[in-house]
There are 2 protein chains.
Amino acid sequence: MTAPLSRSVEDYLKTIYRLSERGGAAATSEIAQRMDLAPASVTGMVKKLAESGHLEHVPYHGVRLTGPGRLAALAVVRRHRILETYLIVKLGYDWASVHEEAERLEHAVSDELVERMAEALGSPRYDPHGAPIPTRDGEIEQSDYPSLAQMEVGARVELRQVDDDDPERLRFLKSLGLVPAALLVVTDRQPFGGPIRVKVGGEEGEECVIGMALAACILVERR
Amino acid sequence: MTAPLSRSVEDYLKTIYRLSERGGAAATSEIAQRMDLAPASVTGMVKKLAESGHLEHVPYHGVRLTGPGRLAALAVVRRHRILETYLIVKLGYDWASVHEEAERLEHAVSDELVERMAEALGSPRYDPHGAPIPTRDGEIEQSDYPSLAQMEVGARVELRQVDDDDPERLRFLKSLGLVPAALLVVTDRQPFGGPIRVKVGGEEGEECVIGMALAACILVERR
DNA sequence: GTTCACATTTAGCCTACCCTAACTTTCGAT
DNA sequence: ATCGAAAGTTAGGGTAGGCTAAATGTGAAC
């Protein structure tokens, strides 16, 4: 626990944290899929992380982060989100392509560097995708915004956050103006998971059509 | 050769480059000492790097970088020196403590990030310790300045470069004002490798005494 | 209440990179 | 010309973290 965590361990903890954000225990196969590893490899690491006290493992029933495990995961998430913000704001990185760079750097930067970057940015509370940045002591704002997919026709909402996993998706969203703080109005939608139609930029905005899978990645606040 | 180099390989190449800067072939034991590894470990890696075409190995007689090996090493050196410069200039890092951070980051940053940092700095040609920064295409200025240890009494010189290996040494040098561009006058020295006495800041500067080992780490240009 | 598909774990193996201990080569001193 | 210290290499082994294939547990459907 006191020894520095390996890159691999940090990635496991971060992934498990992300999975347990929405839902109870994380399944072996979910972890494997997100990390692009064989399930058997996950089982092996999970046993080690349970051993070291970072998580609880109920065989055949998934894992749950412990207090220390959650703290370690949040430290990685903080590094990642500060890095993304810094790269975009200070070094002109693209909203869509910054993820990969941060993914590598989050395992190499020291706490000192992260704090210097945070300070240079004015201690931001959200990253450019709208995700809350954990504090140094591992506190994180619980943003349980509904997704655009849940909005009914006529709803007026402000875009709060977009999932940052997929650069392609991000590029598409940006091209539509679907970025944090954008105002949206739902003008039409099909039943049974069909596409949803929204005006981007308020009542007078451009209309566009968005599939359900995509809409589920967009978190909004009612206005 | 086309696959990305591991952190370990990059460190070997960088170390071997640094060793071959001053002197022909690098010895196994020198590499081991600089990297804090057992000599046997070095032999093993050296064989692999010779296999992959990064260096030539004459058993029992040391190694020499090949063209591709030298290019790969210079890429690491460029990353390191741009990083050090960026951390100091843009993030307020200490001249003395920046080395360790750069040592980790140099294996994680992409070429794109390095180039963005270089651009933000105005494409510097020297890092804060005075070391020349290789270009993108692996060209590096041959700075064969003499060391302060070689200067005779009365010599007037400008400080050009200090070795950046040891943070403690750097802190000491900085406390004396021995930083790049400082003007020095040698006022006295003992024969047979005794300490050397210099005025720091020109004729009117503070006098201080410097041991030979330290003076050998300070490169100067006659004025 | 069986069954069966699927999730999970176990077993055994592999690569990268490090180690120590033992052996071999080199080269300067005699 | 030889000998021995120091340098280098080989042999054998360890850890971390992946993999595949085979065995086993789970739970929904019948």
Side-chain angles (χ1 to χ4, degrees), chain A residues 1-16 19-20 23-65 69 72-73 76 103-104 106-108, chain B residues 1-16 19-20 23-65 69 72-73 76 103-104 106-108:
Chain A
M1 193 73 77
T2 138
L5 304 179
S6 73
R7 183 199 161 122
S8 181
V9 165
E10 287 188 342
D11 271 333
Y12 273 97
L13 292 176
K14 186 183 64 166
T15 301
I16 293 166
L19 284 171
S20 54
T28 302
S29 54
E30 287 174 322
I31 301 168
Q33 194 191 333
R34 286 246 194 170
M35 297 185 70
D36 201 22
L37 297 175
S41 308
V42 174
T43 300
M45 180 58 92
V46 152
K47 285 170 77 174
K48 285 195 353 191
L49 292 177
E51 193 80 21
S52 67
H54 288 97
L55 41 83
E56 286 173 41
H57 180 209
V58 182
Y60 296 102
H61 291 282
V63 298
R64 219 177 273 274
L65 288 171
V76 181
E103 200 80 5
R104 264 176 297 107
E106 69 190 6
H107 307 293
Chain B
M1 192 74 76
T2 138
L5 304 179
S6 72
R7 182 199 162 121
S8 181
V9 165
E10 288 187 342
D11 272 333
Y12 273 96
L13 293 175
K14 185 182 65 165
T15 301
I16 293 166
L19 284 171
S20 55
T28 301
S29 54
E30 287 175 322
I31 301 167
Q33 194 190 332
R34 285 247 194 169
M35 298 184 69
D36 202 21
L37 298 175
S41 308
V42 174
T43 300
M45 180 59 91
V46 152
K47 285 170 77 174
K48 285 194 355 190
L49 292 177
E51 192 80 21
S52 67
H54 287 98
L55 41 83
E56 286 172 41
H57 180 209
V58 182
Y60 297 101
H61 292 280
V63 297
R64 220 177 272 275
L65 287 172
V76 181
E103 199 80 5
R104 265 177 296 107
E106 69 189 6
H107 307 293

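What's counted below: heavy atoms across the whole structure, side chains too, no hydrogens, waters or symmetry copies. Residue numbers begin at 1 in each chain, while the letters A, B, ... track the order of the sequences.
Atom CE in A:Met35 sits roughly 11 Å away from atom C1' in D:dG17 (whole-Å rounding). Rounding to whole angstrom units, CE of residue A:Met45 and C1' of D:dT15 are separated by 12 Å. Whole-Å rounding puts the B:His61 NE2 to C:dT25 P distance at 11 Å. For B:Glu30 and D:dG8, the CD to C1' distance is 13 Å, given to the nearest whole Å. Remark: P of D:dG25 and OH of A:Tyr60 are 6 Å apart, rounded to the nearest angstrom.
Contact annotation: A:His57 reaches the phosphate of C:dT9 (side-chain N/O to OP1 or OP2, under 4.0 Å). Distances shown here put a side-chain N or O of B:Ser29 below 4.0 Å from the OP1 or OP2 atom of D:dG8. Side-chain N/O atoms of A:Ser6 include one lying less than 4.0 angstrom from OP1 or OP2 on D:dG17. OP1 or OP2 of C:dC18 lies within a sub-4.0 Å distance of a side-chain N or O belonging to B:Tyr12. The side chain of B:Lys48 places no N or O atom within less than 4.0 Å of a non-bridging phosphate oxygen (OP1 or OP2) of C:dT15.
Within the 4.5 Å cutoff, no side-chain heavy atoms of A:Val58 are placed close to those of A:Arg64. The side-chain heavy atoms of B:Leu49 and B:Leu13, taken from C-beta on, include a pair separated by under 4.5 Å. A:Tyr12 places none of its side-chain heavy atoms less than 4.5 Å from the side chain of A:Leu5.
Summary of the strand contacts: B:Pro39 and A:Pro59 both lie near DNA chain D, and taking for each the nucleotide with the nearest heavy atom, the more 5' one is attributed to B:Pro39. Where B:Ala26 and A:Ala40 meet DNA chain D, the nucleotide closest to each residue was compared, and B:Ala26 sits on the side nearer the 5' end.
If you check C:dT20, D:dC19, C:dC17 against the side chain of A:Ala38, the one that comes closest is D:dC19. For A:Val9, the side-chain atoms get nearest to D:dG17 when compared with the rest of C:dT10, D:dG17, D:dG18.
The pair A:Lys14-A:Glu103 meets the salt-bridge criterion, with a side-chain N (NZ, NE, NH1 or NH2) lying under 4.0 Å from an Asp/Glu carboxylate O.
Taking every heavy atom of both residues into account, A:Ser52 and A:His54 meet most closely at OG-ND1, 2.7 Å.
The residue B:Ser8 sits close only to the backbone: its heavy atoms come under 4.0 Å of sugar-phosphate atoms, none of a base. Within the 4.0 angstrom heavy-atom criterion, only backbone atoms of the sugar-phosphate kind lie near B:Thr28; the bases stay farther away. A:Ser41 comes within 4.0 angstrom of a nucleotide base, judged by non-hydrogen atoms across all strands.
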